[in-house]
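Accompanying notes for the structure given below.
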Amino acid sequence: MSQPFYITTAIAYPNGKPHIGHAYEAIATDAIARFQRLQGRDVRFVTGTDEHGLKMVQTARAAGRDTLEFADEMSSYFRDMCDKLNISYTAFMRTSDERHHKASQALWNAMQERGDLYLDRYEGWYSVRDEAFYDESELVEGEGDVKLSPQGTPVEWTVEETWFFRLSRYQDALLALYAQNPEFIQPESRRNEVLRFVEGGLRDLSVSRTSFDWGVKVPGSPDHVMYVWVDALTTYMSGIGYPDTDGEFARFWPADVHIIGKDIVRFHAVYWPAFLMSAGLPLPKRVFGHGFLLSRGEKMSKSLGNVVDPMELADLFGVDALRYFFLREVSFGQDGSYSAEAIVTRVNADLANSFGNLAQRTLSLIFKNCDGYLPAIRGHAAEDSALFDLVGSVVATEIPAHFENLAMSQALESWMKAVFACNAYIDAQAPWALKKSDPERMETVLATLFICIAQLALAAQPIIPEAATKLLDQMGVPEAVRNFAQIGSHWYSPLAESDYRLEQPKGLFPRLELAPEDGGNP
RNA sequence: GGCGAAGUAGCUCAGCUGGUUAGAGCGGUGGAAUCAUAAUCCAUAGGUCGGGGGUUCAAGUCCCUCCUUCGCUACCA
């Protein structure tokens, strides 16, 4: 039985439509999930929407809508985005789902039994927008003597009864966790921040609210709903069946990695493991905080008017192109910058000119000179072996290693290195010239390239699933060998000896053009 | 204020535990080729590796200091 692999994105707060950051996270996570499938792993991939909290209630009310009905609509945009971007999730979990409520309550009960929850009174400055209490000292002065949170959101003095989680109990256990599992929080810079935060001491955490009721009811405390983060994080469990602890949950928990944005590292690297320890559940193996995408180096904001709809980008440039750009151009874990020119330049250079053209010229030569039948290999020259060695080690070793490290941009850098080698090889061997001087040698050269291109297409499949699949289809590469373990095996000769015949090859990586309005303003 | 990250060719960035002439992609320039999506290949670009000081036989790579940008965090009148 194949090994399980469980990965998640953060679940999105859908009080607005998906923005490019949501798309980026989904794409990166999907690439990892697809890679693991091609490694033969049995993958579960959970994403979804985090719909509770006062903000949703207020946003819905402002639009004159019923909260749940509003949440239904907003959540659907996120699901649509995932579908459009070829995100291969296995569950789209909504926190408003009944099953999810049961899961959250089960987790709560487990923490309760451990004695980690207690009722107390909380007085303080509360920000509705941030859903958080602040200390007097943290506040800043706004215009007209108004007090604002450190994030600049309005606060009001609030007194409420609230359940607390004994986070303070877990300081040592968390520090031990970080020490024993250096890879628990990545990248390194995030890990340091968390370490210092926890070393500085932990206060108990307020984990319920009474000021609104749009949330998961606290068991035995009907006036309380859970703090959004408690139930939001629980989607990672409910997405694979919890509170049913047999079946999927037993097989896939804990997560191999939670992919999240760098802004919510604390919730995932401090609160979440503490909750799980309290509930007596195994902890995720890794939490990875990726960076943000900046539009031409600037943060996206409505006031700057540079908010980009990822769906539009996908329509404009294509899903595979967008996926490729994000994962190639941005070093995973760091912030990245994007612009229409950057996308066009990168995609044209790598996909259209280098790889797409390589595939096209090779398949065209076979189609025209071999009548579409895959040519036989008649002994290897040194150059052939050199190319096989290079492509083979890139595909079998370098790319998988980079993917395991969640270094997709480096995986693609290796991939391009192999593509360049193929282009250099085809130019040096010049099969179009061999056609007259040495037809048998021409066939060997074309067969060599065919094999290498198939390997490269497979390796790129997690990043550009649609085009890579079409290319492998065009080439007649059997399903059975479309994985990292088999693509390096000897499948070519049987295929060449079969009556498989290439159709007229069609380009799969069209050159992009920059719309005039995107060309200007630097 | 504390802690941390970053500052390397026009642009985007690689450079692990210090060691031959500091690398890649894109762009620019000069060739070659014409099978292919006017795509490809080859050659090339002489950059005080933010400034200064130090350790060392040897530093982009360690130490100190200063400047700039960013992140986390604390706090004060």
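Quick note: numbers below take in every heavy atom, side chains included, and nothing from hydrogens, waters or symmetry partners.
Comparing the P positions of rA9(B) and rG51(B) gives a spacing of 11 Å, expressed to the nearest Å. Nucleotides rU55(B) and rC63(B) are separated by 15 Å at their P atoms, to the nearest Å. Using atom P as the reference point in both rU65(B) and rC76(B), the two lie 27 Å apart (nearest Å). With P as the reference atom, rA59(B) and rG54(B) are 12 Å apart, rounded to whole Å. Taking the C1' atom of each, rU8(B) and rG47(B) are spaced 8 Å apart, rounded to whole Å. Taking atom C1' on both rA45(B) and rC11(B), the two are 14 Å apart, rounded to the nearest angstrom. Rounded to whole Å, the P atom of rC16(B) lies 13 Å from the corresponding atom of rG60(B). Here, rG15(B) and rG25(B) have their C1' atoms 15 Å apart, quoted to the whole Å.
Below the 3.5 angstrom threshold, one finds no donor paired with an acceptor across the side chain of N353(A) and the base of rA39(B).
OP1 or OP2 of rA14(B) has at least one side-chain nitrogen or oxygen of Q334(A) nearer than 4.0 Å. For rC26(B), neither phosphate oxygen OP1 nor OP2 lies less than 4.0 angstrom from any side-chain nitrogen or oxygen of R346(A). Contact annotation: K368(A) reaches the phosphate of rA36(B) (side-chain N/O to OP1 or OP2, under 4.0 Å).
One interatomic measurement links the two molecules: CG of D335(A) to P of rG7(B), which rounds to 14 Å at whole-angstrom precision. Rounded to whole Å, the distance from CG on N423(A) to P on rA38(B) is 14 Å. Atom CZ in F420(A) sits roughly 6 Å away from atom P in rG25(B) (whole-Å rounding). A straight line from CD1 of I343(A) to P of rC26(B) spans 18 Å, rounded to a whole angstrom. In this structure, CZ of R196(A) is placed 9 Å from C1' of rG2(B), rounded to the nearest angstrom. For L446(A) and rA36(B), the CG to P distance is 13 Å, given to the nearest whole Å. Rounded to whole Å, atom C1' of rC41(B) lies 12 Å from atom CG of N357(A). Taking atom NZ of K435(A) as the reference point, atom C1' of rC35(B) lies 9 Å away to the nearest angstrom.
Counting heavy atoms from C-beta on, the side chains of Q474(A) and L502(A) never come closer than 4.5 Å. The side-chain heavy atoms of D263(A) and F292(A), taken from C-beta on, include a pair separated by under 4.5 Å.
Base contact: L508(A) has a heavy atom under 4.0 Å from a base atom. Residue A424(A) is classed as a sugar-phosphate contact, given heavy-atom separations below 4.0 Å to backbone atoms only.
Pairing of rG28(B), defined by two Watson-Crick or G-U wobble distances under 3.5 Å, is identified with rU44(B). Look at rC57(B): its Watson-Crick or wobble partner, with both distances under 3.5 angstrom, is rG19(B). Under the Watson-Crick and G-U wobble criteria, each requiring two contacts below 3.5 Å, nucleotide rG71(B) is paired to rC3(B).
When the nearest nucleotides of RNA chain B are assigned to F197(A) and F355(A) by heavy-atom distance, the more 5′-ward of the two goes with F355(A). Position along RNA chain B of the nearest nucleotide to T362(A) versus V194(A) favours T362(A) as the more 5'-ward residue.
Screening M408(A), Q39(A), Q410(A), E398(A) for a side-chain contact (heavy atoms from CB on, under 4.5 Å) involving F403(A) leaves a single residue, M408(A).
Checking N181(A) against R286(A) by side-chain atom types alone, no donor-acceptor pair falls below 3.5 Å. T162(A) and S206(A) share a side-chain donor-acceptor pair at under 3.5 Å.
Of the candidate nucleotides rA39(B), rG71(B), rC35(B), rA39(B) has the atom lying nearest to any side-chain atom of R511(A). Of the listed nucleotides (rG71(B), rU37(B), rC35(B)), rG71(B) has the atom at the smallest distance from the side chain of E193(A). Set against rU37(B), rC41(B), rA33(B), the side chain of D427(A) has rC41(B) as its closest nucleotide.
Between the side chain of R191(A) and the main chain of Y178(A), a donor-acceptor pair closer than 3.5 Å is present. Here the side chain of R323(A) pairs a donor or acceptor atom with the backbone of N86(A) at under 3.5 angstrom.
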